[in-house]
Structure formats: structure tokens, C-alpha cells
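The structure appears below as C-alpha cells.
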Amino acid sequence: MSILLVGLDDDVAEELVRRLVAEGDEARIVVADRAGAARWRALGAYVAFGDASDDDLVERASYGVRTVAVGDGAALEPVLAGARRAGVDRAVVCRAGLDDATRAGLDASRMDYVVLVSTRRRRIAAPRRRRVAPDDVAAAIDAADDLAGNPRLELDLSDEGAWERLKLPQRK
């Protein structure tokens, strides 16, 4: 299996690359900084250099990939456009929150998707939600990639039910 990582938090991306490589999967990552490429290569990832908002770059990096994992550090629209043209079937989107524009972009892509809301901004009078650890987010992305069928899910990782949907043990 092959996954392209775009705009994920560095700690999450590192945990995910380690996990994928250990499982025998291929990890690819889009990076804008050539100096940081050695880090990703040392972990076993294939590196595509350039701006993640360049949908042509994302398209080239996506050929042969089943899933693109997109974090808050990347504009969703160009990533989905490039991945879709390359024939990517699934997007796993990790966001601090989910808005209508993100939802509309995913629906327009016609790709299967799993949205993982990993943190939420605290609202007045709302209970504080715990921040999800990078290794847990990486496990959730990996599990979302492995889900059978054609999912179109939105999961809040602070909710134990999300872990059940991903077929993962409950987090503490």
C-alpha cells in the first residue's frame, strides 16, 4: 500500500512514516524544504519537493498511491484535485476542526474520505477536549486507510466511538 502525506504536523508525519515503513507500506511526502528531505529519506519515505498547493506536483507524487493524507498545513482543494487526477481513491483529512468549505471540497472530489478531527478549539462553556497524541493520530490515519468499503466518515478523535469505528483499541 502507498500513502502520500501532505501538510501533516511533523510529529504525526514522522510517526506515520515509521509505522507505514515497518508494515512494509510505501510512504511518500511532499516537502517544500530540501534541507529537511534527508530526515524523511532516512525514515524510508520517498520525497517530492515543492509547494503542496501545486496540484500538478501533487498529481505526479500521487501516481500509484491509494490514499492521500492531508493535514492543516496544506490547502485541501489543490491536493484533492491533483490526487484525483492521479487516480487516488481515498483522502484522509486531519484537521483541528471541520468547516463547510472542507466538507464541500471533499464531496466535490468524489473520493472516499475519512475526516479525523484531532483537536478542537475550546468553546466557552464547552468541556475541554484532550489533545490527541501524534502516535495516536498516526494510528488513526493508518486505520482510516485500511477501512474496507467506501467510507465517507467524519470522526472526532476525542470521542471513544471514533476509535471503535476505526477498529482500534480505545485511547487513554
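Any value given below was found using the heavy atoms of this structure, including those in side chains, with hydrogens, waters and symmetry copies removed. Because the structure is a prediction, the values reported are computed rather than measured.
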Show me the side-chain donor-acceptor pairs of residues 44-61 shorter than 3.5 Å, one per line, residues at least two apart or across chains.
| unit_1 | atom_1 | unit_2 | atom_2 | d |
| --- | --- | --- | --- | --- |
| D51 | OD1 | S53 | N | 2.8 |
| D51 | OD1 | S53 | OG | 2.9 |
| D51 | OD2 | S53 | OG | 3.2 |
| D54 | OD1 | D56 | N | 3.0 |
| D54 | OD1 | L57 | N | 3.3 |
| D55 | OD2 | R85 | NH1 | 3.1 |
| D55 | OD2 | R85 | NH2 | 3.2 |
| D56 | OD1 | R85 | NH2 | 3.2 |
| E59 | OE1 | R85 | NE | 3.0 |
| E59 | OE1 | R85 | NH2 | 3.3 |
| E59 | OE2 | Y63 | OH | 2.7 |
| R60 | NH1 | D56 | O | 3.4 |

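When the salt bridge (charged side-chain N to carboxylate O under 4.0 Å, His left out) test is applied to D33, no partner is found at least two apart in sequence or on another chain. For D107, the salt bridge (charged side-chain N to carboxylate O under 4.0 Å, His left out) test picks out R152, with sequence neighbours left out. Not counting sequence neighbours, the partners of N150 by the side chain to side chain contact (heavy atoms under 4.5 Å, CB included) test are D112. The salt bridge (charged side-chain N to carboxylate O under 4.0 Å, His left out) check on E26 picks up R28, with sequence neighbours excluded.
Side-chain contact between R19 and I141: absent, with no pair of heavy atoms (C-beta onward) separated by less than 4.5 Å. Side-chain contact check for L116 versus E154: every heavy-atom pair is 4.5 Å or farther apart. Side-chain contact between V30 and L5: absent, with no pair of heavy atoms (C-beta onward) separated by less than 4.5 Å. Between L80 and Y113, every side-chain heavy-atom pair lies at or beyond the 4.5 Å cut-off. Between V21 and D25 there is no side-chain heavy-atom pair separated by less than 4.5 Å. In this structure, L155 and V117 have side chains that are not in contact, with every pair of non-hydrogen atoms separated by 4.5 Å or more.
For residues 38-50, every residue pair satisfying the salt bridge (Lys or Arg N to Asp or Glu O under 4.0 Å) rule, not counting sequence neighbours, is listed here: D10-R39, E14-R39.
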